[in-house]
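Here the structure comes first, spelled out in structure tokens, and everything after it is commentary.
Fair warning: this is a prediction, and the values are worked out from it, not measured in the lab.
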Amino acid sequence: PTSPPGRAPRCFAVAAREMRARGANLALAPVVDVARDPRWGRFEETYGEDPHVCGVMGKAAVLGFSGDSLPLAKDKVYATLKHMTGHGQPESGTNIGPANFGERALREDFFPPFEKIVKETKIAAVMPSYNEIDGVPSHANRWLLTKVLREEWGFQGLTVSDYMGVKELITRHSLAGTPKEAALRSIKAGVDVETPDPLGYLALAELVREGKVALKEIDAVVRRILRLKFGAGLFGNPYVGAAQADALTATPAALALAREAAVKSAVLLKNDKGLLPLQPAKVGKLLLLGAHAKDTPLGGYSNEPRHVVSVHEGLQRVAGEHGFTLAYAEGVRLTEERNWGKDEIRFTPPEVNARLIAEAVQAARTADTI
């Protein structure tokens, strides 16, 4: 008998079921970038700095999203490995900064999670990274996307551009002068699909007529796309029902699994006074501090959730059940607004934080537990 799947595949299986119920078929996840520079702003998307851990967790995600058999089950979605590669140690820690690595560093540190998952799962898609490696942007790197990924590792699936990745061959890398030239660079390197909307790839027919792209190259890409669509049953059953989608979302079992995963993934670094876990009968007046104690932002990829239980709300519930007093102070605020898509950041004025800190200190004077 096979052992039951671990928590990670079960969590991703829930995500797959809720996605598929809404008509989504391809997850742009998991991220298996090996994160080696903590200044990099996308560190939170990764599984960390260890290639083995990234590979094991990435494989668990793929199995949860897609299962281990084809055709795709009705409650599964295809998965996309991203971002290939060197993305997690950019020059100066700046997102999309160049990755100046030789082949040894790539093969020892950055390739292993991708290679493991390509060889051990039925991964459907791979996404190239925005950055350049040793001067060559990944969206124009035939060695990376064709020689290594397909010819060495035997990948049979689809390569999907990162959002505007083809366009950025013009705007960021200055490798191409026009969308048409960018498309030629990308299709020749091995990028099958341009996302989120076609710009350069609108010129593919023209490139074929000019003899710069062979028809057999286009046929190979189309064949890969059609194979995935047939494998997901999209030609036989392309539609989903809104009522069914709602019923399959945030079920009691899914919420229980989310809570279990949250508890199991919490890491306690220090407990030298034996204070934790908190005992309701002993905390007295409990003071909660922090800007995000009441406000729980989920990050740039999240829409407005149905409900997020904040730390404050959770403690309020426990305080009501056990009869201790809960107080709150904001303490320190970093910015006046949080919009990940804005370049301009308005930091909280020092005088505002001075007032908030003073209020928190005063509240702490009368608290038993902070």
Side-chain angles (χ1 to χ4, degrees), residues 7-8 11 14 35 37-49 93 250-370:
R7 289 183 185 86
C11 289
V14 170
D37 192 326
R39 297 173 297 178
W40 182 47
R42 302 184 71 167
F43 214 99
E44 48 131 358
E45 295 180 49
T46 75
Y47 295 117
E49 65 182 3
T251 63
L255 295 176
L257 178 60
R259 183 184 179 93
E260 180 186 358
V263 169
K264 291 295 182 181
S265 60
V267 177
L268 180 63
L269 297 180
K270 199 172 183 181
N271 192 22
D272 50 2
K273 290 189 171 64
L275 181 65
L276 299 175
L278 292 173
Q279 302 298 315
K282 297 179 181 179
V283 295
K285 182 178 181 181
L286 178 64
L287 173 64
L288 177 63
L289 295 170
H292 295 317
K294 284 187 174 180
D295 174 20
T296 310
L298 296 183
Y301 291 106
S302 300
N303 208 325
E304 289 297 322
R306 296 180 177 210
H307 181 64
V308 176
V309 180
S310 68
V311 176
H312 185 266
E313 182 185 339
L315 283 173
Q316 267 189 323
R317 192 176 303 167
V318 177
E321 292 171 357
H322 293 277
F324 63 85
T325 302
L326 176 65
Y328 170 76
E330 186 173 358
V332 172
R333 186 186 308 155
L334 295 180
T335 62
E336 291 303 283
E337 59 184 346
R338 288 185 305 281
N339 182 342
W340 72 278
K342 285 186 67 174
D343 289 331
E344 181 186 2
I345 299 174
R346 293 193 302 121
F347 291 102
T348 299
E351 61 272 16
V352 173
N353 272 330
R355 174 178 57 79
L356 292 174
I357 291 169
E359 291 173 357
V361 170
Q362 186 59 35
R365 296 186 197 281
T366 62
D368 299 302
T369 305
I370 303 170

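Side-chain contact check for Lys285 and Thr369: no donor-acceptor pair (N or O, by modelled atom type) lies under 3.5 Å.
Using a 4.5 Å cut-off on side-chain heavy atoms (C-beta onward), Val283 and Asp368 make no contact. Looking at Leu288 and Leu326, their side chains come closer than 4.5 Å, going by heavy atoms from C-beta outward. Contact check for Trp40 versus Thr46: side-chain heavy atoms found under the 4.5 Å cut-off. The shortest distance between side-chain heavy atoms of Leu257 and Cys11 falls below 4.5 Å.
Considering every non-hydrogen atom in both Gly290 and Tyr328, the closest pair reads O-OH, 2.8 Å. Considering every non-hydrogen atom in both Glu336 and Phe347, the closest pair reads CG-O, 4.3 Å. Closest non-hydrogen pair, Ala363 versus Ala329, comes out as CB-CB, 4.5 Å. When all heavy atoms are compared, the tightest approach of Ala291 to Val332 is CB-O, 3.6 Å. Closest heavy-atom contact between Phe43 and Asp37: CD1-O, 3.4 Å.
Using a 4.0 Å cut-off between charged nitrogen and carboxylate oxygen, Glu313 and Lys294 do not count as a salt-bridge pair.
Counting heavy atoms of neighbouring residues, nucleotides and ligands inside a 6.0 Å radius, atom CG of Asp272 exceeds 12 of them. Remark: Glu49 CD is loosely packed, at most 12 non-hydrogen atoms of other residues, nucleotides or ligands lying under 6.0 Å away.
Once rounded to the nearest 0.5 Å, the distance linking CG of Leu289 with CD of Glu330 reads 10.5 Å. We find the CZ-OG distance between Arg7 and Ser265 to be 9.5 Å, quoted to the nearest 0.5 Å. In this structure, the separation between NE2 on His322 and CG on Leu315 is 11.0 Å, given to the nearest 0.5 Å. Taking CG of Leu286 as the reference point, atom CD1 of Ile370 lies at 9.5 Å (rounded to 0.5 Å).
Between the side chain of Glu337 and the backbone N or O of Thr335, no donor-acceptor pair lies under 3.5 Å.
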Distance-only criterion, 3.5 Å: show the donor-acceptor pairs between side-chain atoms of residues 350-361 and protein atoms not counting sequence neighbours.
residue : atom : partner : partner atom : Å
Asn353  : OD1  : Arg333  : N            : 2.8
Asn353  : ND2  : Arg333  : O            : 3.0
Arg355  : NH1  : Glu359  : OE2          : 3.2

